[in-house]
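Read the numbers this way: they start at 1 and go in the same order the structure lists the ligands and their atoms.
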Amino acid sequence: MTEPAFTVSRPTPLARSVLRPIRELPDELISQIAAGEVIERPASVVRELVDNALDAGATEVSVRLSAGGVRAIVIEDDGAGIPGRELPLALRRHATSKIASLGELENVATMGFRGEALAAIGAIAELAITSRTRDAPHATRIDARSGELAPAARAFGTTVEVRELFFSTPARRKFLKTDATELAHCVEVLRRHALARPDVGFALWHEGKLILQWRRTTLDARVQEVLGQEFMAASRGFDATSGGVRIEGRVGLPDAARARADQQYVYVNGRYVRDRLIAHGARTAYEDVLHGGRQPSYLLYIDITPDRVDVNVHPTKIEVRFRDAREMHQAVRHAVQDALALPRAEAPTALGPFEPTAPAIWNPLPMGSQAGLGLGVAEPAAEWPPHAHEAASQETVLLDLDTGQTHAAPPHDPEAWPLGRALAQLGGAYVLAENSQGLVIVDMHAAHERVVYERLKASMAATAQVDAQPLLIPLSFAATPAEMATAEEQARTLQRLGLELTPLGPSALALRSHPAALADADLVALARAVLAELAAYDASQVLQRAQHELLATMACHGAVRANRRLTVEEMNALLRDMERTERADQCNHGRPTWRQLTLRELDTLFLRGR
Ligand code: ADP
Ligand code: MG
């Protein structure tokens with residue numbers, strides 16, 4: 001070991017190499033460098049050229065590719081065209097017809113106006129444009145390399161031909177993936193455009209074969225064509241306006257969430273964007289109903305006055321900047337949240353009016369059902385099959401759990417109840433009910449947990465604390481030193497969660513109140529779970545940051561356990577509670593709380609033609 005390792009040859013620092021005089025970069029090199037920012041792969045070319053076609057008012061756009069777009073990209077449109085004399089200008093850097101002054105920068109409603117796409121493409125590929133305006137007697141073609149103009153034959157509109165992408169920059173060409181992968185990227189780009197512009201027809205050919213074609217149509221039809229019937233069925237449309245922001249679109253239901261974030265489409269003023277602020281706003285809206293790793297699907301069309309958003313902050317124009325980021329975040333979050341909150345049961349029935357086969361035996365629970373299933377209701381007698389409820393159904397009175405007021409309920413009207421009337425309990429875990437469409441199967445623990453959770457959240461939102469109920473006889477229990485410490489340090493937070501805990505000597509606690517919504521829970525287990533969770537957080541601010549987790553823990557403890565036998569009244573109370581509860585369709589972990597099995601599906605099961 002005579003030579004220290006660091007004497008082996010290292011790269012020579014620039015300062016020690018021979019210094020060369022400062023020079024302006026040649027134009028061609030500038031263009032190539034700039035091109036690198038805009039054009040990463042064939043799909044970037046497709047995006048820029050389709051942007052241009054749409055800006056030119058095209059109603060039909062066709063894209064022909066060869067070798068995934070690396071060998072050739074030919075895009076034709078029926079837009080306004082470029083006057084022959086302006087063709088040389090269109091190819092120059094910072095040449096655009098879309099903005100004339102700085103003042104206009106704020107109000108541009110086009111796809112972008114950086115004026116560099118064609119120049120960039122021309123710098124890294126063979127480029128030719130053939131175009132004809134409405135008033136031109138013939139088309140004109142320009143070859144970007146030679147700059148030569150020649151008359152050509154073409155109907156109105158523009159054809160842009162791009163060949164041998166990156167032919168002059170082989171290093172970049174090496175980064176390209178297989179033709180199939182590049183083609184897939186191009187398809188995704190077209191998909192994004194197609195979802196933004198149902199009023200424009202798109203077609204894509206690869207190696208002379210038609211790969212996809214979307215004709216001009218309505219937005220709903222286009223979404224269905226592009227994202228599939230499956231997405232339509234598992235998503236919900238909405239249209240929300242708040243402040244100066246309008247957001248419409250579709251949100252995927254939590255149980256249709258995906259492993260990858262590959263179905264999240266966001267448009268700002270008609271332009272596809274990928275924006276972290278918006279993505280975060282949407283994600284937050286799903287936080288209660290989605291399992292951590294799952295990715296929601298959504299399609300958001302955001303309209304905002306152009307002066308409140310800057311779309312030109314990024315070379316590929318895929319990122320935007322909002323003047324009021326907070327407002328945008330809130331608007332997205334609320335729009336998605338509200339759309340998700342609509343009960344799924346509101347879907348119209350497919351099978352027509354319900355014909356009861358037996359007398360309706362719905363018997364609501366006016367007494368003490370405020371806290372929902374089994375809470376404040378005496379332990380039910382094991383009573384099955386259900387009977388003797390008919391008498392009560394004549395003058396049924398319904399207690400509105402939200403207002404505490406009673407109002408008359410339509411007696412024999414199972415149709416009024418989207419989740420139907422309870423029939424039976426199955427396997428200690430499921431409630432079976434009959435509604436106008438057929439059979440409803442409810443996961444009783446998951447559903448009840450959701451109902452309780454939303455109730456806790458609602459009282460937290462209304463009064464900044466969970467409604468508490470004092471215990472006439474305090475519950476005392478042995479506590480660890482950690483539990484003792486947490487109970488003392490977080491007494492205020494615990495109280496806001498409806499739990500009043502006081503020390504009883506050095507190693508015991510007394511529980512003096514409990515959340516009103518959780519009368520039926522194992523209260524000691526509940527208190528211990530909340531103490532354990534609180535210990536994991538920082539004392540201050542815990543309620544702001546961990547509120548939902550804490551309430552979820554409490555709801556889980558408060559929800560009816562498996563194997564608990566329910567009376568028909570309790571089952572019905574649960575169904576009614578679910579109908580009244582926002583987001584009742586999913587449990588706190590994003591699993592469905594109920595499923596519908598339609599009569600038609602049952603017929604199919606039994607091979608019965610109807
Ligand atoms: P930008 O789109 O930012 O203006 P481009 O380099 O993409 O810059 O295009 C330069 C100009 O060429 C555009 O402003 C437009 O006037 C014209 N142009 C490009 N493509 C088309 C097209 N398909 N139809 C009509 N005009 C076009
Ligand atoms: Mg452009």
Hey, does Gly79 sit under 4.0 Å from ligand 1 if you only count heavy atoms? no
Of the options Arg64, Arg141, Arg154, which is the one that meets Glu161 in a salt bridge (Lys or Arg N to Asp or Glu O under 4.0 Å)?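 The passing option is Arg141.
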Test of understanding: with side chain to side chain contact (heavy atoms under 4.5 Å, CB included), list the residues that count as partners of Ala221, not counting sequence neighbours. Thr217, Thr218
Leu149: what forms a side chain to side chain contact (heavy atoms under 4.5 Å, CB included) with it, not counting sequence neighbours?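 Listed in chain order: Leu87, Pro88, Thr140, Ile142.
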I need the atoms of ligand 1 closer than 4.0 Å to a non-hydrogen atom of [X], numbered in the order shown.
X	answer
Gly81	25 (C)
Ala56	24 (N), 25 (C)
Ala90	10 (C), 12 (O)

Any N/O pair Leu118/ligand 1 closer than 3.5 Å: yes
Does the side chain of Thr604 pick up a donor-acceptor pair with the side chain of Glu601 at under 3.5 Å?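 No, no side-chain donor-acceptor pair sits under 3.5 Å.
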Filtering Asp77, Val160, Asp55 for the heavy atom nearest atom 23 (N) of ligand 1 leaves Asp77
According to the interplanar angle, ranging from 0 to 90°, do the rings of Tyr267 and Tyr301 count as parallel (below 30°), tilted (30 to 60°) or perpendicular (above 60°)? parallel
